[in-house]
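Because the structure is predicted, anything quoted here is derived from the model rather than measured. Start at 1 and go down the list; that is how both ligands and their atoms are numbered.
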Amino acid sequence: MEKIGFIGLGIMGKPMARNLMKAGHSLVVFDVNSAPVEEIVLEGAERACSPKEVAELCNIIITMLPNSPHVKQVVLGPEGILEASCAGKILVDMSSISPLVAKEISSKAAAAGLRMLDAPVSGGEPKAISGTLAIMVGGDEEIFAQVQPLLLSMGSSAVHVGEIGSGNVTKLANQIIVALNIAAMSEAMVLATKSGVDPEKVYQAIRGGLAGSTVLDAKMPMVLKRNFKPGFRIELHIKDLMNVLDTAHSIGVPLPLTGHVLEMMQALKVDGRAAEDHSALIRFYEGMAQTEVGNVTDQP
Ligand code: NAD
């Protein structure tokens, strides 16, 4: 099977790389952090010293990096992918970045013969581990068809949504829905708790009804255990919502609820919680109401 390049072995990238290997692919990997590289190399991958070397060794390169500047650096920077000879090769950027930057990188890549898809994911670390991510893909449909089987070894769905940049527009829409869901869950559970009703029972009572959601099922158990280990860090959700607002403002779309939730996340960042899971958004509401969800005995 074809050798695949994989750059960015963080919370998401590492399990995604493992699933590619499980599907029988040989991997060539690179990350600026050597610890996850050591781990994946011990499991059978080949180490590269730069993104350029990854691109020299592979025809298909996947990137899973924090944000737009990191993807720009890896593709366009010194020792970057475009310093290799790239004609006919494919770049699948699975990071969540600005759609405008995805288009900019794609047009520079195209000039060097490198064809690019933007293919961000949803589902978080648990679905990255189980290989059941939802993958949203922008770019040429023919390239999509070529890499679809590869994507389906990391995800349970891979949907082509339009031209390059559309994958990230879809991801921004996804991130609005997730952020606002966590905020709604937080408001509701702080109210229930301060009213003296056990939030765990409220969760069990409503999860099968219209208020039930994937977000509620993923995040409420974490809140009840006071487990805010990421998962998805608040700082990354801030990054996504900033990309949401930049994109929205550039085309004249006001997003009042997103603006509010972004400011709550900013407040938590100032409070030293940027590296906690985004379910820690509930702490903002708990602070205002002087109530901790999961602890009904303290209530008036
Ligand atoms: P992470 O910070 O855990 O991982 C990013 C990795 O990229 C790190 O290992 C880092 O060392 C590496 N890196 C940074 N700059 C680099 C460079 N110049 N060259 C090589 N490697 C570099 O982040 P993550 O949680 O894995 O998220 C990755 C992307 O996926 C982000 O865009 C995030 O928004 C998105 N995402 C995350 C989740 C989640 O739940 N964590 C869910 C869906 C999407």
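- Residues F232 make up the rest of the hydrophobic cluster containing L236, defined by ILVMFWY side-chain heavy atoms closer than 4.5 Å, directly or through other members.
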Write 'none' if nothing qualifies; otherwise put on separate lines each N/O atom of ligand 1 with a protein N/O atom under 3.5 Å away and their distance to 0.1 Å.
from     : atom 1 : to   : atom 2 : distance (Å)
ligand 1 : 2 (O)  : R233 : NH2    : 3.0
ligand 1 : 3 (O)  : I11  : N      : 2.9
ligand 1 : 9 (O)  : G10  : N      : 3.4
ligand 1 : 9 (O)  : D31  : OD1    : 3.4
ligand 1 : 9 (O)  : D31  : OD2    : 2.7
ligand 1 : 11 (O) : D31  : OD1    : 2.6
ligand 1 : 21 (N) : V32  : N      : 3.4
ligand 1 : 26 (O) : I11  : N      : 3.2
ligand 1 : 26 (O) : M12  : N      : 2.8
ligand 1 : 32 (O) : L65  : O      : 3.0
ligand 1 : 32 (O) : P66  : O      : 2.8
ligand 1 : 32 (O) : S96  : N      : 3.0
ligand 1 : 32 (O) : K239 : NZ     : 3.2
ligand 1 : 34 (O) : K239 : NZ     : 2.8
ligand 1 : 41 (N) : G231 : O      : 3.2

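- Using a cut-off of 4.0 Å between Lys/Arg side-chain N and Asp/Glu carboxylate O, R207 and D217 are scored as salt-bridged.
- The pair K14-E39 meets the salt-bridge criterion, since a charged nitrogen lies less than 4.0 angstrom from a carboxylate oxygen.
- V161 belongs to a hydrophobic cluster whose other members, connected by ILVMFWY side-chain contacts under 4.5 Å either directly or through intermediates, are V159.
- Distance OG/S95 to CD1/I62: 11.0 Å, rounded to 0.5 Å.
- L152 belongs to no multi-residue hydrophobic cluster, having no ILVMFWY side-chain contact under 4.5 Å with any other such residue.
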